[in-house]
Amino acid sequence: MSKILIRNASTVKRLLGMASDDRVTIHVATENNRIASVSEQPIEGYFDSVIDATGLFLSPGLVDPQVHFREPGSEYKEDIESGSRAAVKGGFTSVISMPNTRPTADNPEVIAFMVNRSKKLAICKVYPTGALSMGLAGQTMTDFAALKGAGAVAITDDGKGVQDDKLFLQALRSARQLNLPVLDHSEDESLSNGGAIHKGDISRKFGVKGIKANSESVHVERGCRMSEETGAHYHVLHISTRESIDAVRFAKAKGIPVTAEVSPHHLLLCDEDIRVRKDNSLDANWKMNPPLRSRADKEACQQALLDGTIDAIATDHAPHSPTEKAQPIESAPFGIIGLETAFPLIYSHFVRTGQLSLASCIDLMSKQAGALFNLECGRIQVGAAADLCLLDLETAFVVCDTFFASKSTNSPFIGETLYGQTRMTMTEGRVVYG
């Protein structure tokens, strides 16, 4: 039986379940894997460990709706153990892992393998998703009930868009019967046409094949329409365009069960920000799918975050080796890492600037993110899981190559000065970082 006391921590009353965003200093006691006591008065008694949180902010553990931990199949990029280390360094205690592994998580055996590996090796909670189609090929639907029975919390072909409208409609109908959300990597491949970056002035200037913005929005519009028809929970992964956001906003106004997430890089970067290498080629550490869009799209993502259209923030943590990312941007793989920098980026650029409240920021990255998958989380209350993190909101730090706990360092944010570094993470009452 492990008992831990966190004393003198600052937090926001909303995170305690109150209807206020006022700051308060609290003391929290945990016993085994649960929160045993929360008080503004000192808590007395014997504890196995006492953590003095003076000067730090206590948050519920963060939840990431989209990560790629690469196991099984590409463990040289990341595995479940190393991915979980990256997660807890970023304050995340729960992550939702995508099925584009090798072999694909399209059967209960692979899902069960991921669940068992996570229980054995991960220091955060790792919830797998099941593939929508066999081999992510978009032709034959998987057995959703079997995937759910093995531990899948959602259905998705993330990594590829589902091109067959009939298959996608069938998937939504089947998922609704099982109360599973369908997560959509929205990409019409006839419009993205094998491009590497956003189709615009930058792609034309550097002679790189571009990805049209409507390659995303036409599939988002399709998903919203089919969600209305079926009543299924349709979730847009890593939304990135103004037209996609308009479709989600319209669907929500009609009461359709549509949700959307946005990634920090689509909030803070656009195609104009892609770094140019010394040889006048574009740096593939700025290559992801969906790509960095236009400045107008970035601003639309920011507005959607601030007006409540966005339900959660997701990193789309996608590790690759330095050798892979050193390739020309046309041939390098899509994806960047994001677990260690996500909260500091949002806190530094939106909370410290007064655009977003701290409580809203944390809700987007905890309670609201978990609610997408029916996870109860995001509040510091007696009886809740002792999933917590302590954040340093006052001390600046520089993101450098050696900062990351991930196996990979493919981040466009190296060199940035940020605030909001994690000092301690606790998963189910066990200090796993700090």
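Between the His320 side chain and the Lys77 main chain, no donor and acceptor come within less than 3.5 Å of each other. At least one donor-acceptor pair closer than 3.5 Å links the side chain of Lys287 to the backbone N or O of Ile329. Panel note: side chain Ser118, backbone Ala122; no donor-acceptor pair is recorded below 3.5 Å. Gln302 contributes no side-chain N or O that, together with a main-chain N or O of Leu268, makes up a donor-acceptor pair within less than 3.5 Å. Side-chain atoms of Glu71 come within 3.5 Å of backbone atoms of Ile80 as a donor-acceptor pair (strictly under, hydrogens ignored). Remark: side-chain polar atoms of Ser84 are paired, donor with acceptor, to backbone N or O of Glu81 under 3.5 angstrom. Between the side chain of Asp184 and the main chain of Leu237, no donor-acceptor pair closer than 3.5 Å is present. No side-chain donor-acceptor contact under 3.5 Å links Asp271 to the backbone of Ser203. Put simply, the side chain of Glu216 gets close to the backbone of Ser240: a donor and an acceptor are under 3.5 Å apart. Distance alone, capped at 3.5 Å, places no donor-acceptor pair between the Glu189 side chain and the Glu187 backbone.
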Query - Steps toward side-chain hydrogen bond (donor to acceptor under 3.5 Å, both in side chains) verdict (Glu78, Ser406) - result: CA-CA 7 Å; Glu78 195 82 284; Ser406 170; 2.7 Å; yes

Requested in this report: Dump the intermediate steps for side-chain hydrogen bond (donor to acceptor under 3.5 Å, both in side chains) on Asp79 and Ser82, then the final yes or no.
Outcome: CA-CA 5 Å; Asp79 55 39; Ser82 67; 3.1 Å; yes

Query - Test log, rule side chain to side chain contact (heavy atoms under 4.5 Å, CB included), inputs Tyr347 and Leu418 - result: CA-CA 8 Å; Tyr347 177 74; Leu418 301 173; over 6 Å; no

Query raised in the report: Would Asp157 and Ser133 count as a side-chain hydrogen bond (donor to acceptor under 3.5 Å, both in side chains) if you check the C-alpha gap in whole Å, the side-chain angles of each, and the deciding distance to 0.1 Å?
Result: CA-CA 7 Å; Asp157 264 5; Ser133 68; 2.5 Å; yes

Report task. Give the C-alpha distance, both sets of side-chain angles, the deciding distance and a yes or no for side chain to side chain contact (heavy atoms under 4.5 Å, CB included) between Thr104 and Met134. Result -> CA-CA 8 Å; Thr104 305; Met134 298 301 298; over 6 Å; no

Query raised in the report: Do Leu183 and Phe373 pass the side chain to side chain contact (heavy atoms under 4.5 Å, CB included) test, and can you show the C-alpha distance, the side-chain angles, and the key distance before you say yes or no?
Result: CA-CA 11 Å; Leu183 321 180; Phe373 309 94; 4.0 Å; yes

Requested in this report: Go through the steps for Val220 and Cys224 under the test side chain to side chain contact (heavy atoms under 4.5 Å, CB included), then give the verdict.
Outcome: CA-CA 6 Å; Val220 173; Cys224 292; 4.2 Å; yes

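Residues Ala152 and Thr129 approach most closely at CB-C, 4.1 Å, considering heavy atoms. Taking both residues in full, the closest heavy atoms of Ala312 and Pro65 are given as CB-CG, 4.1 Å, listed atom of the first, atom of the second, then distance. Among all heavy-atom pairs drawn from Ser2 and Ile4, the shortest one is OG-CG1, 4.1 Å. Counting all heavy atoms, side chain and backbone alike, Arg352 lies closest to Leu393 at NH1-O, 3.8 Å. What you find for Gly90 and Phe343 is that their closest heavy atoms are O-CB, 4.5 Å. In this structure, Lys325 and Ala284 approach most closely via the heavy-atom pair NZ-O, 2.7 Å.
The pair Lys125-Asp387 meets the salt-bridge criterion, with a side-chain N (NZ, NE, NH1 or NH2) lying under 4.0 Å from an Asp/Glu carboxylate O. Remark: Lys148 does not engage Asp143 in a salt bridge, criterion side-chain N to carboxylate O under 4.0 Å. Ion pairing of Lys407 with Glu75 is absent here, as no side-chain N (NZ or NE/NH1/NH2) approaches a carboxylate O to less than 4.0 Å.
With contacts defined as side-chain heavy-atom distances shorter than 4.5 Å, the pair Tyr433/Thr427 does not qualify. Two residues are said to be in side-chain contact when any heavy atoms from C-beta on lie closer than 4.5 Å; Val399 and Phe397 meet this criterion. Using a 4.5 Å cut-off on side-chain heavy atoms (C-beta onward), Ile123 and Arg85 make contact. Between Arg70 and Arg102 there is no side-chain heavy-atom pair separated by less than 4.5 Å. Within the 4.5 Å cutoff, the side chain of Leu372 has no heavy atoms near those of the Pro181 side chain. For the pair Arg379 and Arg14, the minimum side-chain heavy-atom distance is below 4.5 Å. Contact annotation: the side chain of Thr142 never approaches that of Asn107 to less than 4.5 Å [non-hydrogen atoms, C-beta and beyond]. A heavy-atom distance below 4.5 Å is not found between the side chains of Pro344 and Gln421.
Remark: Ser321 engages Glu324 in a side-chain hydrogen bond (donor to acceptor under 3.5 Å, both in side chains) (not counting sequence neighbours).
Atoms CG and CG, on Asp363 and Leu358 in that order, are 10.0 Å from each other to the nearest 0.5 Å. A distance of 9.5 Å separates CD1 of Ile274 from CG of Asp283, quoted to the nearest 0.5 Å. Here the CD1-CG distance, from Ile245 to Asp297, works out to 7.5 Å after rounding to the nearest 0.5 Å. The distance from atom NZ of Lys252 to atom CZ of Arg249, rounded to the nearest 0.5 Å, is 9.5 Å. A distance of 4.0 Å separates CZ of Phe92 from CE of Met365, quoted to the nearest 0.5 Å. Atom CD of Glu109 sits about 9.5 Å away from atom CG of Leu147, to the nearest 0.5 Å.
Checking Ser10 against Arg23 by side-chain atom types alone, a donor-acceptor pair falls below 3.5 Å.
Relative orientation of the His235 and His233 rings is perpendicular, given thresholds of 30° and 60° on the angle between their planes.
Checked against the 6.0 Å centroid criterion, the rings of His185 and His238 qualify as a close aromatic pair.
Open room surrounds CZ on Arg242; 12 or fewer heavy atoms of other groups in view lie less than 6.0 Å from it. Enclosure of atom CZ in Arg277 by more than 12 non-hydrogen atoms of other residues, nucleotides or ligands within 6.0 angstrom is indicated. Atom CZ of Arg423 is surrounded by more than 12 heavy atoms from other residues, nucleotides or ligands within 6.0 Å.
Judged as a side-chain hydrogen bond (donor to acceptor under 3.5 Å, both in side chains), the pairs with a partner in residues 87-100 (not counting sequence neighbours) are, in order, His68-Asn100.
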